[in-house]
Amino acid sequence: MQLNTPRWWYRRTGGGLAAALLKPLAALYADQTARRLAAGTGFDPGVPVISIGNLTVGGSGKTPVVREVLHMLARNGIDAHGLSRGYGARETGPLLVDPDEHTAEDVGDEPLMLAQDHPVWISRDRAEGARAAVAGGAKLLVLDDAHQNPSVRKTRSVVVVDGETRDGAWPFGDGSVVPAGPMREPLATGLARADAIILLMPSDLATPDPELLALFGDLPVRIARLEPLRAPSPGPKLGFAGIAKPWRVEQSLRAAGADLKGFRAFPDHATYSEETLAGLAREAERLGAGLITTEKDWTRLPPVWRRRIESWPVRARFEEEQTILDLLPRDPDDLD
C-alpha cells in the first residue's frame, strides 16, 4: 500500500470534518492493533533484542536512526544484525539481504539501504527471521519498525519521535488513530510499552519543545539530529520524494543550500514508473535543472535512472555516543 500522507494529520487541530468522518474506521484500526498486541510476549531468540519503532505510520526518521544504531553497535564490537518485515518486498524470507543481488522490489527499500553497511534480514514472519539471524551469527538483533508487532520478545523498546513542532506541526497531530490521524495506537498505550524515546530534531532547531518532552514523563529521552552526509551538488535542482513527510525533504534540501526550482511529492514507498521518471526528466529539462531525491527513493529507481538522478543521503547523529549502549543488558555475558 502506498500512502498519501495528509498534512493535516500533523496539525494539533486535526482534520476537522474529514477526520470526524473517519473516526469509526480509526476505532477499528485501534482495536485490531490492541488485539494483535494482546496475543502474547513473542518468540525469545536467545540474544538481546532492541526494537526501534514509532507511534505514527511514518515520517519520524526511524530508518536513519536504525542505521546509526547499527553503526554504533558495530563500532563497539557488537555483532548486531537488523531484522525487518520488508515492507512491500516480493520476497517473504527469512532472507539475508544482499545489496549486490537484491533490488528494492525484492526486499524493500529500507532493508536495502541498511544492508549497504550491516547484515540485515527480512522476514514476513519476524520470529522465523529472528531464528535465522541468530543461526547466521547475530549476537544482538535490531528490529526495524516492530513496536506494534509482538511476535519477537524485546529486551528494549525504543520509540522514535519527530521533534518538529514549529508552524503548527505536532508529531502526533490531534492524537487520532489512522485514518483519522497519524497514530498507530493511542499515545499513552504506545508510550506504556516504551523503554526510551529518541527525539529526532531538525538540524536548525536548537532545543526540544518543553510541552512535547512533558508527554514522555519519566521515560529517558535521547536527542538525535538529521544531518546530510554531503551538500547537494551545485546548480538548479528539481527535487522529488516518496516518503511519509515529503515536505520535510523539501525544507531540508533548501536548508542545505539546494537551488530548488521545484519539488514533487509522491506517496510513501512510491514505485516510480518509466512514464513518471520521464515526466520528471522533461520537467527538469524545462527548468534547466538536475533531478535530486532521497537515498531511500534512489534505491527504488531502475539502474539506468540512478545514473541520471542525484541521491541525497542523510544520517542521524546522536548527541551522546552512549545513547544506545546504555540500553543494552548490563551483563556482558549476554552478548557473548
Aromatic ring pairing H118/H71, orientation class (parallel under 30°, perpendicular over 60°, tilted between):
tilted

Intermediate values then yes/no, salt bridge (Lys or Arg N to Asp or Glu O under 4.0 Å), E295 and R315
CA-CA 10 Å; E295 183 182 11; R315 64 167 292 186; over 6 Å; no

For H102, which residues count as a ring-ring contact (aromatic ring centres under 6.0 Å, His included) partner, sequence neighbours excluded?
none

With F172, which residues qualify under ring-ring contact (aromatic ring centres under 6.0 Å, His included), at least two apart?
none

Would you mind reporting whether [Y] and [X] have side-chain heavy atoms less than 4.5 Å apart?
X: T56; Y: R184; answer: no
X: T13; Y: D174; answer: no
X: Y87; Y: D145; answer: no
X: F240; Y: L280; answer: yes
X: K296; Y: D268; answer: yes
X: I198; Y: F318; answer: yes
X: S252; Y: L226; answer: no
X: W121; Y: L95; answer: no

[atom2] on [Y] to [atom1] on [X], rounded to 0.5 Å:
X: S51; Y: H147; atom1: OG; atom2: NE2; value: 7.0 Å
X: Q251; Y: F263; atom1: CD; atom2: CZ; value: 9.5 Å
X: T271; Y: D109; atom1: OG1; atom2: CG; value: 9.0 Å
X: R67; Y: L70; atom1: CZ; atom2: CG; value: 9.5 Å
X: I122; Y: D144; atom1: CD1; atom2: CG; value: 12.0 Å
X: T33; Y: L37; atom1: OG1; atom2: CG; value: 6.5 Å

So R36 and E185, salt bridge (Lys or Arg N to Asp or Glu O under 4.0 Å) or not? Walk me through it.
CA-CA 12 Å; R36 184 170 66 251; E185 58 182 320; over 6 Å; no

Besides L17, the hydrophobic cluster formed by Ile, Leu, Val, Met, Phe, Trp and Tyr side chains linked at under 4.5 Å, directly or via other members, contains L21

Going through the checks in order, is the side-chain hydrogen bond (donor to acceptor under 3.5 Å, both in side chains) test met by W298 and E310?
CA-CA 8 Å; W298 192 85; E310 181 177 348; over 6 Å; no

Taking [X] for the side chain and [Y] for the main chain, is one N or O donor matched with an acceptor at less than 3.5 Å?
X: E250; Y: P246; answer: no
X: R317; Y: A224; answer: no
X: Q148; Y: N54; answer: yes
X: D195; Y: S157; answer: yes

Can you get from [X] to [Y] by hopping between Ile, Leu, Val, Met, Phe, Trp and Tyr side chains that sit under 4.5 Å apart?
X: V69; Y: V120; result: yes
X: L141; Y: M113; result: no
X: L229; Y: V314; result: no

Go through S123 and D125 one step at a time and tell me if the side-chain hydrogen bond (donor to acceptor under 3.5 Å, both in side chains) criterion holds.
CA-CA 5 Å; S123 182; D125 184 325; 5.4 Å; no

Salt bridge (Lys or Arg N to Asp or Glu O under 4.0 Å) between R222 and E319: does it pass, once the steps are laid out?
CA-CA 8 Å; R222 303 292 191 267; E319 291 185 350; over 6 Å; no

Can you see whether [Y] has [X] sitting over its ring - NZ or CZ less than 6.0 Å from the centre and within 45° of the normal?
X: R7; Y: W247; answer: yes
X: R126; Y: F43; answer: no
X: R11; Y: W170; answer: no

Please determine whether salt bridge (Lys or Arg N to Asp or Glu O under 4.0 Å) holds for the pair K237 and D259, giving the CA-CA distance in whole Å, both sets of side-chain angles, and the decisive distance to 0.1 Å.
CA-CA 6 Å; K237 296 286 185 290; D259 179 15; over 6 Å; no

Evaluate E105 against T103 for side-chain hydrogen bond (donor to acceptor under 3.5 Å, both in side chains), listing each step before the verdict.
CA-CA 5 Å; E105 289 76 18; T103 66; 3.2 Å; yes

Ion pair present between K245 and E164, side-chain N to carboxylate O less than 4.0 angstrom?
no

side-chain contact (heavy atoms from CB on, under 4.5 Å) with L199: which of V161, D209, D162?
V161

Within 6.0 angstrom of R35 CZ, more than 12 heavy atoms from elsewhere
no

